[in-house]
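This report concerns only the one structure given below.
Counting convention: from 1, in listed order, for ligands and their atoms alike. Throughout, residue positions are numbered sequentially from 1 according to the sequence presented. Every value quoted in this text rests on a predicted model; they were computed, and no experiment measured them.
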Amino acid sequence: MTEEKGRPTIAVLGAGKIGEALLSGLLHGGRQADELLFTERYPERSAQLTSAYGIRATDVPTAAKTADVLVVAVKPQDIEPLLDELAPVVDAETLVVSLCAGLPTSLFERRLPAGVPVVRAMPNTPMLVGEAMSAISPGTHAEAEHLAVVEEMLSTVGKVVRVPEAQQDAVTALSGSGPAYFFFLVEAMIDAGILLGLPRAVAEALIIQSAVGAATMLAQTGEHPVILREAVTSPAGTTISAIRELEKHGVRAALIAAIEAARDRSRELGAAHEPG
Ligand SMILES: NC(=O)c1ccc[n+]([C@@H]2O[C@H](COP(=O)([O-])OP(=O)(O)OC[C@H]3O[C@@H](n4cnc5c(N)ncnc54)[C@H](OP(=O)(O)O)[C@@H]3O)[C@@H](O)[C@H]2O)c1
């Protein structure tokens, strides 16, 4: 790490949805475009990103030589060719941060030269609006200073917690995929509004603002969700009639089973890269 010369230069390897959101968030958080780099497969995509953000596209060897931090943001199934490219050009002075769902730090440590520090991070798509929830875990060679660099980087695009790597499959299932569950719920509630005869635009406005309001109450009051729900559940009222239906249809059990299935899929993605 070369932090003594200033803020670390960050290269995003694979600037798709998450990679672009990180680059954009870092710029909004005060990073200069010349402190950032990215690699992409197609020149058209590179040109589009450079014109949108003023950030330079490069290749993997140049990124490894120039940047202090390499953020790997390719799909898990695309990791092998990227590791082939990275292995001959990276060294222990460079911090590798993987955002790849399911991939263990041991995969990177096995494929990269000895001593390369690796941090595994699981963000989520609200990174696009500066509201990501990211969980980070150190690999074998990652020290406190490396975790601090990643924490600082990801806190410019949302909140960050540290967890042992053994909990990353659960994190992936809970907050990595979590926004999709809320989108699904909002979609279903809008459908309910349509069924009840509301115009779609009105149903959308009602539910989206209710979601924003509920999330803000949870975040700002620090109250347990049960307390907040009980406060709107009056005896013989409308809310308890709805809650009875949710319980009757097993919505709580469905959510628990769904998140468990996502955890299992994350494990499978990681296991596909285990040796032997
Ligand atoms: N989306 C999420 O909610 C989320 C949340 C947490 C973590 N993640 C993780 O973030 C990673 C990226 O996800 P994403 O949704 O952003 O995927 P994505 O949109 O497909 O982005 C990946 C990008 O990497 C490019 N790429 C692939 N191989 C490359 C290589 N060797 N060199 C340079 N660029 C390369 C891809 O190009 P092509 O388009 O040409 O393939 C694509 O633009 C995944 O590992 C995922 O598990 C995603």
Side-chain angles (χ1 to χ4, degrees), residues 10-26 36-50 52-53 55-64 67 70-90 96-105 107-108 111-112 118-137 150 153-154 157-161 163 165 167-184 259 262-263 265-273:
I10 298 168
V12 171
L13 310 182
K17 287 182 287 296
I18 283 284
E20 179 179 355
L22 179 60
L23 290 169
S24 153
L26 288 168
L36 305 171
L37 292 163
F38 69 90
T39 68
E40 252 304 315
R41 269 208 284 228
Y42 294 105
E44 305 82 57
R45 170 76 179 151
S46 295
Q48 182 204 343
L49 288 168
T50 300
Y53 301 103
I55 300 172
R56 202 155 42 93
T58 188
D59 52 25
V60 170
T62 312
L70 299 176
V71 181
V72 178
V74 301
K75 291 269 191 227
Q77 54 270 32
D78 288 331
I79 195 62
E80 294 291 344
L82 181 61
L83 287 172
D84 287 342
E85 273 192 279
L86 214 44
V89 293
V90 79
V96 173
V97 182
S98 164
L99 307 184
C100 302
L103 301 187
T105 54
L107 167 70
F108 293 82
R111 296 289 307 276
L112 300 177
V118 180
V119 172
R120 178 172 169 182
M122 176 47 52
N124 62 13
T125 51
M127 190 189 266
L128 284 161
V129 292
E131 292 288 351
M133 182 68 244
S134 303
I136 63 173
S137 311
V150 181
M153 175 179 80
L154 291 175
V157 289
K159 292 194 162 41
V160 185
V161 293
V163 299
E165 187 169 5
Q167 292 176 3
Q168 280 285 6
D169 291 313
V171 166
T172 302
L174 215 58
S175 57
S177 304
Y181 315 146
F182 288 109
F183 297 142
F184 183 84
I259 291 169
R263 189 274 318 268
R265 181 64 187 138
S266 178
R267 280 183 180 164
E268 271 173 29
L269 285 171
H273 293 273

For the backbone of [Y] and the side chain of [X], can you confirm whether one donor and one acceptor N or O come within less than 3.5 Å of each other?
| X | Y | answer |
| --- | --- | --- |
| Q168 | V163 | no |
| S266 | A262 | no |
| T105 | V119 | no |
| R111 | L86 | no |

For [atom], the protein heavy atom that lies nearest, with its residue and separation:
| atom | answer |
| --- | --- |
| atom 22 (C) of ligand 1 | A73 O, 3.4 Å |
| atom 37 (O) of ligand 1 | E40 OE1, 3.5 Å |
| atom 5 (C) of ligand 1 | P123 O, 3.5 Å |
| atom 21 (O) of ligand 1 | G16 CA, 3.1 Å |
| atom 47 (O) of ligand 1 | A101 N, 2.9 Å |
| atom 45 (O) of ligand 1 | V74 O, 2.6 Å |
| atom 33 (C) of ligand 1 | T39 OG1, 3.6 Å |
| atom 34 (N) of ligand 1 | G14 CA, 3.4 Å |

When rounded to the nearest 0.5 angstrom, what distance separates [atom1] in [X] from [atom2] in [Y]?
| X | Y | atom1 | atom2 | result |
| --- | --- | --- | --- | --- |
| T172 | R263 | OG1 | CZ | 11.0 Å |
| M133 | M127 | CE | CE | 11.0 Å |
| L26 | I55 | CG | CD1 | 8.0 Å |
| Q48 | E20 | CD | CD | 6.5 Å |

Using a 4.0 Å cutoff against the non-hydrogen atoms of [X], which atoms of ligand 1 qualify?
| X | value |
| --- | --- |
| Y42 | 40 (O) |
| T125 | 1 (N), 2 (C), 3 (O) |
| P76 | 44 (C), 45 (O), 47 (O) |

Check your understanding: Under a heavy-atom criterion of less than 4.0 Å, does L99 contact ligand 1?
Key -> yes
Review point. Does P81 reach ligand 1, in the sense of a heavy atom lying below 4.0 Å from it?
Key: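 Outside the 4.0 Å threshold, so no.
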From [atom], work out which of [options] has a heavy atom at the shortest distance.
| atom | options | answer |
| --- | --- | --- |
| atom 38 (P) of ligand 1 | Q77, K17, R41, M127 | R41 |
| atom 1 (N) of ligand 1 | I18, V72, V60, V12 | I18 |
| atom 31 (N) of ligand 1 | K75, E85, M122 | E85 |

Check your understanding: What part of D78, side chain, backbone, both or neither, has a heavy atom within less than 4.0 angstrom of ligand 1?
Key -> side chain
Review point. Which pair of heavy atoms, one from T39 and one from A63, lies closest together, and at what distance?
Key: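 That would be CG2-CB, 4.3 Å.
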Point to revise | Ion pair R265/D169, N-O distance below 4.0 Å | key: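 Answer for the salt bridge query: no.
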Exercise for review: For E131, look at atom CD and say whether over 12 heavy atoms of other residues, nucleotides or ligands are found less than 6.0 Å away.
Suggested key: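 No.
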